[in-house]
Amino acid sequence: RAKDAGRNGFSFYNENMNLDVQRKLTLNGRLHQAINSDEIEIYYQPILDLASGRIVGAEALMRWTDSELGVVSPEEFIPLSEKNGLIHKLGDIVLMTACEQAAHWQKISPIKIAINFSSVQFRYCEQLQARIVEVLAQTGLPADKLDMEVTEGLLIEEDNTLMNMLAYLKQLGVELSIDDFGTGYSALSYLQKFSFSKLKIDRAFINKMASSKADRALVTAILAMAKSLELKVVAEGIEDEHQVEFLQSHGCEFGQGFLFSRPVTAEVFTQQLLDQEVCSAIA
Ligand code: C2E
Ligand code: MG
Ligand code: MG
Ligand code: MG
């Protein structure tokens with residue numbers, strides 16, 4: 001940063017800071033508006049059983065295209081929404097929309113819907129739990145078709161309220177998954193203590209497998225450990241056949257990535273599911 005700034009370093013730095021602050025202020029305002037005028041869309045990315053190639057689930061992913069700013073990545077607006085509190089509304093939109101969709105999809109195939117939850121949403125643990133139960137009842141989605149994805153950051157301390165909530169949801173049948181596994185620092189013993197039954201290996205590791213022996217070793221170790229702990233594993237960010245072969249031969253059951261499909265609209269995902277069912281009926 002100091003290097004970019006050059007001789008006028010100080011004022012340049014301030015200008016960048018101002019741009020940054022300004023962008024955040026603008027995004028804050030636009031995001032409010034986007035929520036109120038229903039501009040947040042939910043896309044779905046299929047999750048496959050690697051052995052059979054069948055779609056067994058979908059991950060719900062938020063999409064926001066602002067009329068002036070264009071596409072804003074969730075990598076940018078989710079962290080912002082965690083700071084300004086809008087994550088609670090956003091979280092509710094994705095929960096309701098995705099569960100409703102998934103309830104319809106049950107008529108085609110018994111797939112699970114994976115929904116991302118921010119750690120911030122768990123600050124109001126009781127409300128969140130009640131809302132999940134309510135949405136399941138309203139949409140008619142069976143609890144065992146909901147897969148909650150949270151990141152390791154949620155588990156940095158032993159919090160009894162949180163542990164009880166997760167145990168309650170698990171007992172209802174909800175599946176609990178650790179997202180972006182390998183990027184955080186959670187002790188493995190925590191996973192079972194907190195009722196988790198699935199890991200999603202972060203796509204950074206899958207991505208570097210071809211070029212890095214260390215990353216191959218890490219993925220192999222995660223898969224071996226998951227097997228001995230009886231945890232299911234999803235590999236994220238699969239982009240080529242070599243990755244599929246490697247993962248399968250090391251016991252990875254599930255996969256997700258651009259090789260199979262990018263995140264798509266509910267309409268397109270419905271067609272993917274229908275095609276699969278029609279194909280298997282013919283076969
Ligand atoms: P995530 O939960 O780890 O989601 C997976 C991300 O990897 C998605 O990015 C997906 O589009 C991308 N991805 C999947 N396969 C591939 C691949 O083969 N190659 C590459 N390069 N990327 C792939 P996306 O949709 O941009 O979302 C980014 C992050 O934003 C998510 O990471 C999640 O942390 C957050 N996010 C998105 N939607 C929600 C939401 O509804 N609620 C919350 N709390 N967070 C969300
Ligand atoms: Mg996720
Ligand atoms: Mg992930
Ligand atoms: Mg991620």
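Ligands are counted one by one from 1 in listed order, and the atoms in each one are counted from 1 as well.
- When the heavy-atom distances from atom 16 (C) of ligand 1 to F260, F77, F258 are ranked, the shortest goes to F258.
- The Mg ion (ligand 2) lies at 2.8 Å or more from every N, O or S atom belonging to E236.
- In summary, the atoms of ligand 1 found under 4.0 Å from a heavy atom of G257, numbered by their order in the structure, are 15 (N), 18 (O).
- Side-chain contact, E39 with S37: a donor N or O sits under 3.5 Å from an acceptor N or O.
- Between Y44 and F269, the ring-plane angle classifies as tilted under the 30° and 60° cut-offs.
- Comparing E236, Q243, E75 against atom 29 (C) of ligand 1, the shortest heavy-atom distance belongs to E75.
- The Mg ion (ligand 2) has an N, O or S atom of N116 under 2.8 Å away, backbone or side chain.
- Checked by distance only, ligand 1 and L259 stay at 3.5 Å or farther apart across all their nitrogen or oxygen atoms.
- The N, O or S atom of E149 lying closest to the Mg ion (ligand 2) is OE1.
- Heavy-atom contacts from other residues, nucleotides or ligands closer than 6.0 Å to CD of Q171 number more than 12.
- Where the criterion is an N or O separation shorter than 3.5 Å, residue side chain and backbone included, E239 meets it with respect to ligand 1.
- None of the N, O or S atoms belonging to D180 lies under 2.8 Å away from the Mg ion (ligand 2).
- Within the 4.0 Å heavy-atom criterion, the part of R63 lying near ligand 1 is the side chain and not the backbone.
- Without hydrogens or angle criteria, Q243 side chain to D240 main chain gives a donor-acceptor distance under 3.5 Å.
- Taking the Mg ion (ligand 2) as the apex, the angle formed with OE2 of E59 and OD2 of D179 is 180°, to the nearest 10 degrees.
- Each of L229, L223, L191 was checked for a side chain to side chain contact (heavy atoms under 4.5 Å, CB included) with L199, and the lone residue meeting it is L191.
- Distance check for D202 against the Mg ion (ligand 3): none of its N/O/S atoms falls below 2.8 Å.
- Donor-acceptor pairing under 3.5 Å is lacking for the side chains of D92 and Q121.
- Side chains of E149 and S177: a donor-acceptor N/O pair is absent below 3.5 angstrom, by distance only.
- Distances from atom 36 (N) of ligand 1 to the heavy atoms of G91, S261, A98, P74 show the closest one on P74.
- At a heavy-atom cutoff of 4.0 Å, ligand 1 is contacted by the side chain of E59 but not by its backbone.
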### Task
Check step by step if side-chain contact (heavy atoms from CB on, under 4.5 Å) holds for I238 and L50.
CA-CA 11 Å; I238 298 179; L50 291 177; 4.2 Å; yes
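- Below 4.0 Å from some heavy atom of V94 lie the following atoms of ligand 1, by number and element: 41 (O).
- For atom 39 (C) of ligand 1, the candidate residues are L90, I87, I40, N116; the nearest heavy-atom contact is made by N116.
- Near D179, meaning under 4.0 Å from one of its heavy atoms, ligand 1 places the atoms 1 (P), 2 (O), 3 (O).
- In this structure, S280 contributes its side chain and E277 its backbone to a donor-acceptor pair below 3.5 Å.
- Below 4.0 Å from some heavy atom of Q45 lie the following atoms of ligand 1, by number and element: 14 (C), 15 (N).
- Other residues, nucleotides and ligands place more than 12 heavy atoms under 6.0 Å from the CG atom of N36.
- Of the options L176, L166, L154, a side chain to side chain contact (heavy atoms under 4.5 Å, CB included) to F194 is made by L166 and by none of the others.
- Of the heavy atoms in I238, only backbone atoms (N, CA, C, O) come closer than 4.0 Å to ligand 1.
- Connection of M209 to I222 is established within a shared hydrophobic cluster, with ILVMFWY side chains joined at heavy-atom distances below 4.5 Å, either directly or through further cluster members.
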